[in-house]
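This structure is a prediction, so every number in the text was calculated from the model and none was measured. Below, chain A is the first sequence line, B the second, and so on; all start at residue 1.
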Amino acid sequence: MAINDYEHKKIEPEVQKRWEEEGLYTTPENPSEKNKRYVLAMFPYPSGEGLHVGHVVSYTATDMYVRFLRMQGFEVLHPMGWDAFGLPAENYAVKTGVHPQETTNNAIENFRSQIKSLGLSYDWSREVNTSSPEYYRWTQWLFLQFYKNGLAYKKKAAVNWCPGCQTVLANEQVVEGVCERCDSAVAKKDMEQWFFAITKYAEELLLSLKGLDWPESTKAVQKNWIGKSEGAELYFPINKKCTYVLVHGYAGGADAHFLPWLQKQLEEKGHTVLVPTLPNTKNPNIEEQISFLKKEVTFDEDTIVVAHSLGSVVALKTIESLNVPIKRLITVGGFLDTDIATEKKYFATFDWKFDFKKIKENVREIVVLHDENDDVIPVTQAEKFERRMGARVVRVVATKPHFRGDAEATVLRAALSSLKVFTTRPDTLFGATYMVVAPEHPLLEIYTKDITNYDAVQKYVRDAKNKTDIERSKEGGEKTGVQLEGLTVLNPATNTPLPVFVADYVLPGYGSGAIMAVPAHDERDFQFAQNFGLPIIEVVQGEGELPRSSHGTLINSGAFSDRLSEEAREEITETVGGEMKTTYRLRDWLLSRQRYWGAPIPIVYDPDGNPHMVPEEYLPWLLPTDVDYNPKGTSPLGSSIELKERTERLFGPGWTPEIDTMDTFVDSSWYFLRFTDPHNSEVFADREKLHEWLPVNTYVGGAEHAVLHLLYSRFFVKALRDLGYLEFNEPFSALRHQGMILAPDGDKMSKSKGNIINPDEMIERFGADTLRAYEMFMGPFEQNKAWSTDNMIGVRRFIEKVWRLSEKVSVDSATNPRLLAQTIKKVTHDIETFRVNTVVSTLMICANAFEKMSTIAQTDFEKFLKLLAPLAPHITDALWRNLGNANSIHVSDWPHYEEKDLETDEESYVVQVNGKVRDTITVPTGTLEEDLLTLVRTEKIEKWIEDKEIKKTIIVKGKIVNFVV
RNA sequence: GCGCAAGUGCUGAAACUGGUAGACAGGCAUGCUUGAGGGGCAUGUGUCCAUUUGGACGUGGAGGUUCAAGUCCUCUCUUGCGCACCA
């Protein structure tokens, strides 16, 4: 055997070829639940720059773990694929004109061959490519399931626009006000965009983090991002005169139930109140009632309608037919259809069809009062209002069921228009001295006529909306704003009128976009109050200067003074008619992109502009190729004639396609599902196969995805579970992050700095086994590490040493059970726990021990090779077969050791006096304590003890004897 | 400001539930080996004093708990990461 020369260039390709011929890494079919392991490294974006040494770290660690599991008899799924849609290929196309498809395909070819040269044990028959129609067909199908179930929706909103990438971005893709991809300052833009309703899962996404075996730091990032706060919603009545129209219910009139009382109450507050009695009230006709109402009342922007019971139906129908919007509609025990606990004549004379869109346009706000004890109207009616019209539902207990009382205070409270705020400190309500709304707050559009300085307000709003987040934060927290003159609200606790401001320190998307300002106990409110000379009322006692946010005893708080703030918060909330409420910082996921190289959103619009789903039989809804992808601020798909013609051909003239594509994070939110059944053309993955493998047991990838891919995938799994497709709650049971590989100088590797280490070159010079082992040896897996080719030479020496050791192997040599047992124990434990660096050093220690022997027992050496096989799969397989084994080492069994082999005849004790090491002795194993104590009194020890009194003796079995004198 | 992680030789690092700090490598030094392309082997390598025996100090800093602390507790400094006008 010409064993002297270790030639990695010869050995590695040969071994790889043999693996392929033997089909070593084919995934087993029908794994058993206990025995299956799904181990996955995050699939890469196939960039033109090729594989990075950073990829090698996570893929090698995962591969090592997988090979180890297979040798232990587990059935393993270990696939690889391509996150192939994305901006770099498209940007390259803009520069060079080469189609992204071509760039991507080339990059994939290159990645695949690079990955193969590393000897990674993927089942290549399961490769997926997110940019292929066979894949994105299912991305689109999943989108449609979400759409059908209200989890995907289109909405106009102030969104993040990246001028560099010429597209909108999700919140998660904006880092400190700049685009995470191109570092451009992100601007706010009002646009109609597609969203996934991830916020519906905020609470569950937060709660189920607990059970995951994930790095605590990543869980903390997600927790932070979801940002749960518990507080209260409070209502501040708007201090303004309006015209109220009270509409009675079936068989009623102006004198029915609470109406006379309500009229009186509202009139006392200075409002105008009209209470028409509808015609034929015992046998009503809807058309007649609408025209009557419109004749009796002039509906305009100052009109507030309060409608009881059937009156709500009349009111809705009337509003539907108006030309100008009214301010508010309050339904009291209202309903939308005949699904109620009574049967009446009007069931037949009303048509029960509503144009909800029109109604929404014609009324600024709808409030639904529902009586918990209502004997006619079930709560489902209130829920319908909420779902169909976005109405705010308020559940109350009326004095008599169905609000039949003579005086209903809850109705009065709802009737008075109010500004809703969210606060985590309802206990400080008595200290609220002014209000602030965000520049985007709807109040500014509802009360246009009432705000006397509307021009100044408008100017401020316009300026604020034009500022980027960076510009806002540059102002260093300087608080600006404009008072809404002519408009005040009442503090519900004190009835004091409070001024209202618009200021951009209040954010539109959080809470209700409005706050009560308590300058004494909030830093920001304090600053603002100082700038504008507003009153500051201290309501919580405490030490130190204002503002301070600590809890304590309440003062200046009416009946609540002398109570503890934390204890009084719920009671205060209750007495002013607010509700305790939980709010999240998480926003819905903005998924549409104004770019080309992504999956088209499978939606088309009819000639009226209403969206419709592309039916399943037309999927994949192909990405057109006749596209001008130069960014112009509108979606490139808009330039495709083929797409437009396709839409008209399939749906009819005047129909138009959606031209936005999906965020590439949509593609990667479910690829781990597809790997279980990658070629299925009937479903996104066979249900049984899915559940055979999922959830992923161990997932490996970078920490930078903490609130992107990792959060999105969790949402997808939960949503698909609720749609009935999945039966598990979380995609990734365990997660491990790899650290970054930095350039030798400690900088990030980058093309512009020219400090990139190319894995191909390293494989060429040192071999894949050495590269793999070195990258594991560099340091703890999750830690960032700087590259050092010098240190890599040390690992190469180790690999060469192993090659040389095989010369000393002999069948006759005595075995060394203790050395092997120690090595097996440590390597097993370290691979299991991803302590990749000590796997290597343990194997080095074993090799060094072998080297000191003149001959090595073959069984020992074979065990050693098995332990090394997951790390260095080529050299070990070659040596294994040289030793006469017919099958690959990678299908052999992981070595075992006996506990007794770890035991020794002798054990050494460190002998301490007062905790300081003074001597070490060796005694036979099992020496009795009393004997040990005499043996331990060596000359050296006596010198330290001398005539001093021994106060205490501590013996730690097998380790230490400590005398305290 | 809030949340999280980490600070150990010249360098990468090791130290499982508190139990000989620096394993394993790199580098450096000395020696051996006709030994030739990133050779192999041996010895040494935390600091200071004694220079042989031995001793003192030492894991960012200051305290503390303990027979015993890199490890636990309190405070503090530095670095990195995440969030950040979130009411």
Evaluation steps, ring-ring contact (aromatic ring centres under 6.0 Å, His included), between Phe528(A) and Tyr434(A):
CA-CA 10 Å; Phe528(A) 190 86; Tyr434(A) 65 99; 5.4 Å; yes

In the structure shown, which nucleotide is the Watson-Crick or G-U wobble counterpart of C83(B), with both distances under 3.5 Å?
G1(B)

Quick one: look up who A56(B) pairs with, Watson-Crick or G-U, both distances under 3.5 Å, and put none if it's unpaired.
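Paired with U47(B).
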
G26(B) phosphate, OP1 or OP2: any side-chain N/O from Arg797(A) under 4.0 angstrom?
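For G26(B), OP1/OP2 do have a side-chain N/O of Arg797(A) under 4.0 Å.
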
Would you indicate, yes or no, if A13(B) has its OP1 or OP2 atom less than 4.0 angstrom from a side-chain nitrogen or oxygen of Arg835(A)?
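No.
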
Taking any heavy-atom pair under 4.0 Å as a contact, classify [X]: base, sugar-phosphate, or nothing.
X         : answer
Pro780(A) : sugar-phosphate
Asn837(A) : sugar-phosphate
Asn962(A) : base
Gly794(A) : sugar-phosphate
Val956(A) : base
Glu800(A) : nothing
Val964(A) : sugar-phosphate
Arg796(A) : nothing
Phe963(A) : nothing
Lys916(A) : sugar-phosphate
Asp790(A) : sugar-phosphate

Closest to side chain of [X], choosing from [options]:
X         : options                : answer
Val917(A) : A25(B), U20(B), A87(B) : U20(B)
Lys852(A) : G40(B), A42(B), G19(B) : A42(B)
Arg585(A) : C85(B), C83(B), G19(B) : C83(B)
Tyr510(A) : A87(B), U20(B), A56(B) : A87(B)
Ile845(A) : U20(B), A23(B), A87(B) : A23(B)
Ser229(A) : G38(B), A87(B), C41(B) : A87(B)
Ile960(A) : U20(B), A14(B), C24(B) : U20(B)
Ser841(A) : U20(B), C41(B), C24(B) : C24(B)
Phe777(A) : C4(B), G12(B), G38(B)  : G12(B)
Lys952(A) : C67(B), G40(B), A25(B) : C67(B)

Identify whether the glycosidic angle of G38(B) places it syn (within 90° of 0) or anti.
syn

Syn or anti for G64(B), given that syn means the glycosidic angle lies within 90° of 0?
anti

Any side-chain heavy-atom pair of Leu933(A) and Ile955(A) under 4.5 Å
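A side-chain contact exists here, since the closest heavy-atom pair is under 4.5 Å.
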
Judged by nearest nucleotide, the residue sitting upstream toward the 5' end of RNA chain B, Trp944(A) or Ala220(A), is Ala220(A)

If you assign Lys801(A) and Asp830(A) each to the RNA chain B nucleotide with the nearest heavy atom, which residue ends up on the more 5' nucleotide?
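It is Asp830(A), whose closest nucleotide lies nearer the 5' terminus.
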
Under-3.5 Å donor-acceptor pair between Lys826(A) side chain and C16(B) base
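Answer no: no donor N or O sits under 3.5 Å from an acceptor.
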
